[in-house]
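Worksheet: the structure to be examined is printed underneath.
Count residues from 1 along the sequence.
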Amino acid sequence: MSTAVARRSSLPGFGLSMGLTLTWLSVIILIPLAALFLKTFELSFDQFWGIVTSRRTLNALKISFGLSFAAALVNLVTGTIIVWALVRYRFPGRRLFDAIVDIPFALPTAVAGVALTQLFAQKGWLGAPLAELGIKVAFTPTGIFIAMIFIGIPFVVRTVQPVLIDLDPEIEEAAASLGANRWHTVFRVILPGLIPALLTGFALAFARAVGEYGSVIFIAGNLPNVSEIAPLLIVIRLSEFRYADATAIAVIMLLASFLIIFVVNRLQRWAQNRTPVH
């Protein structure tokens, strides 16, 4: 009789849990993505290259990724300010404002698009005074930019908020007692601990903006080479039964998004390793 004793896993049910996880992940994510690439392989390399480098496709990708990146940067700054006000200050209506932040999460994107279009139209509440200044928002790339900011701001706020709440105020008091002024405390003590959460919020806001469709198409104007986003171009190609063309554009968006988020995650890991433990 063998004296070897089988070691029991320290995680009961690990095999079953891993199997269910991989199965669910494959059905929901991996298989659809594989189908996307398989459909694209119906094109020759020259056909694929011609589609993704066409003027209309490049402009749509530039608008989607360029405005998404800019909107994520704006959300990074404004979201941090909002989080600071909600966490560090007590004022009347604070809970109401905290709840308002989640509206883009719950609001259907089409409703958000219609509301923004009416608000920033030339005769809208905000569009009319802006039109008098010569600024047109609705049916321009500026409208796309505003819509992307609207749908992305909660990702930064809700990612950074719990980290700032857990940041011990005594650290700031200790820095002040050692002679640090307020700006030194913010940039040398508080901000380093928030950088990983800020990068995560930025990545989430960027990813949401790149793939946004419903809230953008109503305010964009959808003019080819001017205000046409890549997701809309994909839908147009599908409506024209040019499925391989649509999947080719989708593959480029997928690869570009993955590369950018991968870089952001690397920066987040680097920031976590460099952040001192208080």
Would you give the length of the straight line joining atom [atom1] of [X] to atom [atom2] of [Y], rounded to the nearest 0.5 angstrom?
{"X": "L130", "Y": "I135", "atom1": "CG", "atom2": "CD1", "result": "5.5 Å"}
{"X": "D245", "Y": "T57", "atom1": "CG", "atom2": "OG1", "result": "8.0 Å"}
{"X": "I229", "Y": "I217", "atom1": "CD1", "atom2": "CD1", "result": "7.5 Å"}
{"X": "S257", "Y": "F65", "atom1": "OG", "atom2": "CZ", "result": "4.0 Å"}
{"X": "W125", "Y": "F120", "atom1": "CH2", "atom2": "CZ", "result": "12.5 Å"}
{"X": "L43", "Y": "R242", "atom1": "CG", "atom2": "CZ", "result": "10.5 Å"}

Quick one: does [X]'s side chain get under 4.5 Å of [Y]'s, heavy atoms only?
{"X": "T140", "Y": "S227", "result": "no"}
{"X": "I234", "Y": "L238", "result": "yes"}
{"X": "F150", "Y": "L107", "result": "yes"}
{"X": "R88", "Y": "L167", "result": "yes"}
{"X": "V74", "Y": "F145", "result": "yes"}

Any side-chain to backbone donor/acceptor pair from [X] onto [Y]? Under 3.5 Å, distance only.
{"X": "S64", "Y": "L61", "result": "no"}
{"X": "S215", "Y": "A147", "result": "no"}
{"X": "R95", "Y": "P92", "result": "no"}
{"X": "T247", "Y": "A244", "result": "yes"}
{"X": "T159", "Y": "A197", "result": "no"}
{"X": "R94", "Y": "L86", "result": "yes"}
{"X": "T142", "Y": "A138", "result": "no"}

- Task: Would you please say whether a donor-acceptor pair under 3.5 Å links the side chains of D98 and Q161?
- Result: yes

Linking I/L/V/M/F/W/Y whenever their side-chain heavy atoms sit closer than 4.5 Å, directly or via other members, would [X] and [Y] fall into one cluster?
{"X": "L36", "Y": "M253", "answer": "no"}
{"X": "F48", "Y": "Y243", "answer": "yes"}
{"X": "I31", "Y": "I29", "answer": "no"}
{"X": "I151", "Y": "V114", "answer": "no"}

- Would you call the rings of F97 and F91 parallel, tilted or perpendicular, where under 30° means parallel and over 60° means perpendicular? tilted

- Do the ring planes of W49 and F45 sit parallel (below 30°), tilted (30 to 60°) or perpendicular (above 60°)? parallel

- Task: Would you check if the distance from the ring center of F218 to the ring center of Y213 is below 6.0 Å?
- Result: no

- Item | F105 ring center within less than 6.0 Å of F155 ring center | yes

